[in-house]
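Just so it is clear, the model here is predicted, and its values are computed rather than measured. Nothing fancy with the numbering, it's 1 onward along the sequence.
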Amino acid sequence: QAYNCLIHFYKRQNHYCLNMPQIRGVLLFLLVSVVHLNVNADEGSARLLLSKQIHNKYLVEGMDIVVKYNLFNVGDSAATNVKIVDSGFRAEDFDVVSGQTKYKLDRVAPGANSSHTIVVRPKKFGYFNFTAAEVTYNAESSGVVLTGLSSDPGQGVIIAGRDYDRQFSAHLLDWAAFAVMTLPSLGIPFLLWWSSKSKYEAIALKKD
């Protein structure tokens with residue numbers, strides 16, 4: 001009886017070999033076992049989703065920009081030692097007016113959510129790439145340290161302050177200058193009319 005021997009096992013000086021159908025059966029068993037272990041690992045574990053949103057319609061040099069982070073635990077167990085870090089707002093590009101770009105939560109229960117808001121003020125104008133924030137946490141059920149990234153706002157345009165003022169400001173100084181310039185042309189005719197009106201009313205009273 002002859003067949004091809006592909007894998008050899010040696011034990012107690014006895015010679016064993018597996019043919020192709022047996023090898024396929026072993027590989028299939030191993031594959032099913034690995035998938036089963038992965039499913040069991042995912043079940044009952046914490047899973048955090050982090051979003052990062054820019055809440056301004058216009059991004060302007062020297063004006064406040066509101067950034068909001070929303071954290072959701074969509075897993076089946078709590079996440080502990082949760083740390084959120086946003087390294088995208090460098091000191092040479094932004095001033096942090098309020099809030100913290102790094103913050104920590106002790107615990108986020110399954111199905112719970114948390115929000116955090118910061119206010120930054122850009123020092124420069126031009127194109128800027130708003131990158132994702134990073135979140136690290138421990139899965140309470142297993143103690144494994146997990147890492148994830150937030151949504152990515154992408155590239156935005158920061159408008160120069162002078163250009164924004166030119167287009168959107170109330171132009172109070174311009175209106176004041178216009179009023180001063182037009183006052184003589186409107187005021188003098190009005191005074192002449194008022195003087196004539198008063199004179200004719202006095203004459204009419206005397207005739208009566």
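- Between the side chain of K123 and the main chain of A91, a donor-acceptor pair closer than 3.5 Å is present.
- At least one donor-acceptor pair closer than 3.5 Å links the side chain of S150 to the backbone N or O of A133.
- The shortest non-hydrogen separation linking Q100 to I118 is O-CG2, 3.3 Å.
- Atom CG in N113 sits 11.5 Å away from atom CG in L48 (nearest 0.5 Å).
- A donor-acceptor contact shorter than 3.5 Å links the side chain of N73 to the backbone of V108.
- Ring geometry, F94 versus F89: the interplanar angle exceeds 60°, so the pair is classed perpendicular (tilted spans 30 to 60°).
- Not a single donor-acceptor pair under 3.5 Å links the side chain of H116 to the backbone N or O of G99.
- Residues D76 and P110 are not in side-chain contact: their nearest non-hydrogen atoms beyond the backbone lie 4.5 Å or more apart.
- A ring-ring contact (aromatic ring centres under 6.0 Å, His included) check over residues 50-86, counting only residues at least two apart or in different chains, returns the pairs Y58-F168.
- The shortest side-chain heavy-atom distance between T117 and S115 does not fall under the 4.5 Å cut-off.
- A distance-only check finds a donor-acceptor pair linking the side chain of E61 to the backbone of G161 [under 3.5 Å].
- Between D93 and K124 there is a salt bridge, with a side-chain nitrogen of the basic residue lying less than 4.0 Å from a carboxylate oxygen of the acidic one.
- Within the 3.5 Å criterion, the main-chain N or O of G88 finds a donor-acceptor partner in the side chain of D86.
- Annotation: side chain of I54 is not in contact with side chain of V66 (no heavy-atom distance under 4.5 Å).
- V82 and V144 fall within the same hydrophobic cluster, where Ile, Leu, Val, Met, Phe, Trp and Tyr residues are linked whenever their side-chain heavy atoms come under 4.5 Å apart, directly or through other members.
- One finds the CG atom of N138 at 10.0 Å from the CD atom of E140 (value rounded to the nearest 0.5 Å).
- Looking at heavy atoms from C-beta onward, I65 lies out of side-chain contact with V119 at the 4.5 angstrom threshold.
- Between the D95 side chain and the V97 main chain, no donor and acceptor come within less than 3.5 Å of each other.
- At distances below 3.5 Å, not a single donor-acceptor pair connects side-chain atoms of K52 with backbone N or O atoms of F130.
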